[in-house]
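For reference, the structure is listed below as structure tokens.
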Amino acid sequence: MPLIQISQTPGITDEQKAATIAAVTKAYAEATGKAASSVWVTITEVPRESWGVGGVPLA
């Protein structure tokens, strides 16, 4: 069972999450030959104050 984990800042809609999960699942299944039904995808929303880029907090 492949598990793909996506971490991002909050702000996308439920519809965007569903579209992302579908697209990532399809791309992985096509690239690996795995059945799409075996691919798990999670989207975790991490608050901006918990992110840093280049040593600098986003918030």
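Only this structure's heavy atoms are used, side chains among them; waters, hydrogens and symmetry mates stay out.
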- Message: Hydrophobic clusters here meaning ILVMFWY residues chained together by side-chain heavy-atom distances under 4.5 Å, can you tell me if Val46 and Ile43 are in one?
- Response: no

- Applied to residues 18-33, the side chain to side chain donor-acceptor pair (under 3.5 Å) test, sequence neighbours excluded, yields none

- Provide the full list of side chain to side chain donor-acceptor pair (under 3.5 Å) pairs with a residue in residues 37-57, sequence neighbours left out, each pair given once. Lys17-Glu45

- Please name the pair of heavy atoms, one in Ala35 and one in Ala29, separated by the smallest distance, quoted to 0.1 Å. C-CB, 4.5 Å

